[in-house]
Amino acid sequence: MRVLRTAIVTEPIVPEEILADFPSLEDGACVLFLGVVRNHNQGKDVIGLGYQVYQGMAEKTLAVIAAEASHRFGSDRITVFHRIGELRVGEVSTAIAVATPHRGEAFEASRYIIEELKQRLPIWKREHYVDGDSDWVGSNTTPKVEDRKPDGSRDVGSAE
Amino acid sequence: MRVLRTAIVTEPIVPEEILADFPSLEDGACVLFLGVVRNHNQGKDVIGLGYQVYQGMAEKTLAVIAAEASHRFGSDRITVFHRIGELRVGEVSTAIAVATPHRGEAFEASRYIIEELKQRLPIWKREHYVDGDSDWVGSNTTPKVEDRKPDGSRDVGSAE
Amino acid sequence: MGRAFGPPFFLSMNIQALFFASYRDLLGTGEIALSLPEGTAVSGMVAELRGRGGAFGNLPAFPVVAVNEEYASEDRLLRDGDVVAFIPPVAGG
Amino acid sequence: MGRAFGPPFFLSMNIQALFFASYRDLLGTGEIALSLPEGTAVSGMVAELRGRGGAFGNLPAFPVVAVNEEYASEDRLLRDGDVVAFIPPVAGG
């Protein structure tokens, strides 16, 4: 039975609750990826992140990416949560759980989902620095860059 | 601070307890891999596995593999547990948790550990089948194969 | 040989523009309603906005956009009721 | 030109052999104590065991072994007190 769960959430992500659904009896491998807010990025000390989202499009995009991964890697059990709003260092921003009969596909599906999500998901993050400053990650302060891919060229996510 | 934890355990593996140590504030990514006993292998219906271990060598090998991964992929937070004894379908046989500043290294380190473990760890598993039969995975019943690698050529782990 | 009498008339479309993250900060708003002539493409809508000058002049000439929640190219023709989102470099994960 | 008188004598080594999984089932035991002449390599020890016939004759001629908990080649020279483990195809994970 195929069970794909995807959601944009505002409450803290609890990995234990995600794992409670994994795996099925047919699965020999489960990979859980957690993206976490870390305390530094590009030489700056980070105290937190604020995520903004294009809600409808993000929900749709997340569901599409999970379905693509399920199809490509033969996984019938995938959960993807992305949190938005204000997050502190150490909090989980992204959780991806994939179960498959064999381990190779679980790793590949998990990797596929995080890479596609970073390319396509309409979510933006503003880093808050120890020095009181803050900045949208991947954007110039005055956006003048032309013909840019959705993920930008300077994009270096803080929660990797 | 480097924290590498490795153990051969007889009690059930609880992923929640492993995740409680992850990640540190420097880490942006955490990958948890779970190897699980699945209900079939090579066309046979499996009801459980019995793991035998060369305890001293397995403990040493697990610690060495974790240290190699830490060194190669720059992770200072790795936990690897392998359970032995009798396991039922759906139970976790292997848990590998890795946290790193960037996600690529977390995936690679996790993959490195499971692949090396399968090649080098002196642990054997006997599959118990629905039909009452049982067999050592990867061994001929009468071992006549010569000049064989430690992982054998017919090795196809049930918990992948 | 039929020929319309009187001046040509244009049907106009109601288009909603959405701005996120740095674009929203730049313009001070997340949403604008536009009325555009039928047959306008994404590129024409961008030109109209940039032509307003001020902060709008700082929008990129070739921004990434989504039409009705799907990424679209600049030559995508708009239809009445379309929602066009301006997508600055995304940074999920 | 010094020459030893009497018959040559060999110092003997005490070696412990460990058997796991299918090897253990094959032999009906997980552990055997051997006394081998000094200078015996892994290959010599294997030959000695296989030469016992019966179930021992079914041990592979070139098994994977670990000496003192580390994988070792067949030409590895053994020393008194060494523990030699016979490692059938491993299947962890």
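Below, chains carry the letters A, B, ... as their sequence lines are ordered, and counting in each starts from 1.
Atom OH in Tyr71(D) sits 9.0 Å away from atom CD in Gln119(B) (nearest 0.5 Å). Within the model, atoms OH of Tyr54(B) and CD1 of Ile87(D) stand 6.5 Å from one another, a figure rounded to the nearest 0.5 Å.
The two residues Val137(B) and Ala91(D) come nearest to each other via the heavy atoms O-CB, 3.7 Å. Taking each heavy atom of Leu121(B) and Val90(D) in turn, the nearest pair found is O-CB, 3.2 Å.
In this structure, Arg88(B) places its CZ atom where only 12 or fewer heavy-atom neighbours from other residues, nucleotides or ligands lie under 6.0 Å away. The environment of CD in Glu16(B) is crowded: more than 12 heavy-atom neighbours from other residues, nucleotides or ligands sit within 6.0 Å.
Only the backbone of Asn68(D) comes within less than 4.5 Å of a heavy atom of chain B; no side-chain atom from C-beta onward does. Only the backbone of Val53(B) comes within less than 4.5 Å of a heavy atom of chain D; no side-chain atom from C-beta onward does.
For the set Lys60(B), Arg83(B), Arg126(B), the entry with the most heavy-atom pairs within less than 4.5 Å of chain D is Lys60(B).
A donor-acceptor pair is defined here as one N or O able to donate and one able to accept, closer than 3.5 Å; no such pair exists between the side chain of His82(B) and the backbone of Gly92(D).
The residue from Phe20(D), Phe86(D), Phe19(D) that alone fulfils the ring pair (Phe, Tyr, Trp, His ring centres under 6.0 Å) condition with Trp124(B) is Phe20(D).
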- Message: Before you tell me yes or no, could you show the steps for Arg24(D) and Gln52(B) under side-chain contact (heavy atoms from CB on, under 4.5 Å), namely the whole-Å CA-CA distance, both residues' side-chain angles and the distance that decides it to 0.1 Å?
- Response: CA-CA 11 Å; Arg24(D) 182 177 296 180; Gln52(B) 198 177 98; 3.6 Å; yes
